[in-house]
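Note that the numbering runs from 1 along the sequence shown for the chain.
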Amino acid sequence: MNTTSSTTTHAATTATPAVITRGNPNLPEVALTFDDGPSQYTPQVLAVLQRYNVPATFFLIGESISQYPGYLQQDLAAGNAVGNHTFTHPHLPTLSASAIYSELSQAQNAVYNVTGTRPTIFRPPYGEYNTDVVSAASQLGMTVINWSAAASDWENPPPAANVIASRILSAAENGAIFLLHEGGGDRSNTVAALPDIISGLQLRGFRLVTIPDMLAHRNETDTK
């Protein structure tokens, strides 16, 4: 269940984009996001985040939640945000509008059954979307979130930890949304890269925030 860049049908840019790929360019804040969980690597990712006292955002696959429901609860208890990443991780633009809605709705229910809440953010698998995808997310009360920079940690074999860290740090800028993975394959190098990623971002003066926080800050200016 790897996430790669793909051809997408993009909505016209407006004051509130249909698909968001970055946060406020005037604020020194960035967001780490992890796709394809929960998985066996979730506790390791959470341990690193807790060590550095920073939050992240986890885009979860509905069918994986039943395997690791406790990890979803740990995500939230630690102050992280969770988002919808469909139920089975399909190529959404190849599906009918009703099938797209079903994928998103089933994933919403999977999160609700464990937490009593439903996500307000959605990331399409492979970054692929069309008007039906955006419409389904909107009907379910979700904002579509992609990314501004990816570590390509989905590659097989996985890139080395220092390569993953370098790809993220080289793309660091105000409002950056970084794509990483906690599931869908061997993510041990991603876990190993996290300390360098977090400390490197902090040394550059960036605050690490969740996607919901980043969305709430879209119209703010830096007061430092």
Side-chain angles (χ1 to χ4, degrees), residues 3 5-27 29-38 55-62 65 72 75-76 79-93 95 97-112 114-150 173-182 207-221:
T3 303
S5 296
S6 180
T7 302
T8 58
T9 303
H10 295 278
T13 301
T14 63
T16 303
V19 177
I20 290 174
T21 59
R22 64 183 63 246
N24 191 329
N26 299 314
L27 296 180
E29 61 183 24
V30 297
L32 296 179
T33 68
F34 295 87
D35 284 9
D36 295 358
T57 302
F58 296 86
F59 288 96
L60 307 177
I61 298 173
I65 291 172
L72 170 53
D75 285 343
L76 292 172
N80 302 293
V82 299
N84 184 319
H85 197 45
T86 71
F87 194 76
T88 66
H89 204 277
H91 291 276
L92 288 175
L95 304 182
S98 61
I100 290 169
Y101 184 91
S102 178
E103 275 284 339
L104 275 61
S105 179
Q106 287 184 75
Q108 288 291 80
N109 291 337
V111 174
Y112 180 82
V114 175
T115 68
T117 62
R118 291 184 172 87
T120 59
I121 50 176
F122 167 72
R123 172 168 288 160
Y126 313 101
E128 298 171 343
Y129 62 91
N130 58 16
T131 54
D132 288 336
V133 173
V134 175
S135 176
S138 178
Q139 291 176 56
L140 291 164
M142 293 185 291
T143 301
V144 182
I145 307 292
N146 267 344
W147 58 87
S148 63
E173 61 181 354
N174 286 1
I177 298 175
F178 300 119
L179 170 63
L180 295 160
H181 292 78
E182 61 167 326
R207 299 189 298 270
L208 279 73
V209 300
T210 65
I211 292 296
D213 284 342
M214 185 172 273
L215 294 177
H217 300 162
R218 283 178 64 81
N219 297 318
E220 295 182 7
T221 55

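Rounded to the nearest 0.5 angstrom, His181 NE2 and Thr33 OG1 are separated by 8.5 Å. Distance check, rounded to the nearest 0.5 Å: CZ of Phe58 to CG of Leu180 gives 10.0 Å. Here the CD-OH distance, from Gln108 to Tyr101, works out to 9.0 Å after rounding to the nearest 0.5 Å. The CD1 atom of Ile177 sits 6.5 Å away from the OG1 atom of Thr21 when rounded to the nearest 0.5 Å. Here the straight-line distance linking atom NE2 of His85 with atom CZ of Phe59 works out to 8.5 Å at 0.5 Å rounding. Here the straight-line distance linking atom CG of Leu208 with atom CE of Met214 works out to 8.5 Å at 0.5 Å rounding.
Here the shortest heavy-atom pairing between Ser148 and Arg22 reads CB-NH2, 3.5 Å. Closest non-hydrogen pair, Phe87 versus Ile61, comes out as O-CG2, 3.2 Å. Scanning both residues, Ala56 and Asn80, for their nearest heavy atoms gives N-OD1, 2.8 Å. Ile145 and Pro124 get closest at one heavy-atom pair: O-CD, 4.0 Å. Across Ala18 and Val144, no two heavy atoms sit closer than the pair O-CB, 3.7 Å. When all heavy atoms are compared, the tightest approach of Phe122 to Val133 is CE2-CG1, 3.7 Å.
You'll find the side chain of Arg118 reaches within 4.5 Å of the side chain of Asn109, heavy atoms only. Contact check for Ile100 versus Asn130: side-chain heavy atoms found under the 4.5 Å cut-off. Using a 4.5 Å heavy-atom cutoff, the side chains of Leu92 and Leu104 are in contact. At least one side-chain heavy atom of Leu215 sits less than 4.5 Å from a side-chain heavy atom of Ile121. Residues Arg123 and Trp147 are in side-chain contact: their nearest non-hydrogen atoms beyond the backbone lie under 4.5 Å apart. Inter-residue side-chain proximity for Pro125 and His91 is flagged as unmet; no heavy-atom pair is nearer than 4.5 Å.
Side-chain atoms of Thr115 come within 3.5 Å of backbone atoms of Val111 as a donor-acceptor pair (strictly under, hydrogens ignored). Side chain of Gln106 to backbone of Thr86: no donor-acceptor contact under 3.5 angstrom is found. A donor-acceptor pair is defined here as one N or O able to donate and one able to accept, closer than 3.5 Å; such a pair exists between the side chain of Asn24 and the backbone of His217. Between the side chain of Thr57 and the backbone N or O of Val82 there is no donor-acceptor pair closer than 3.5 Å. For the pair Glu103 (side chain) and Thr88 (backbone), a donor-acceptor distance under 3.5 Å is present.
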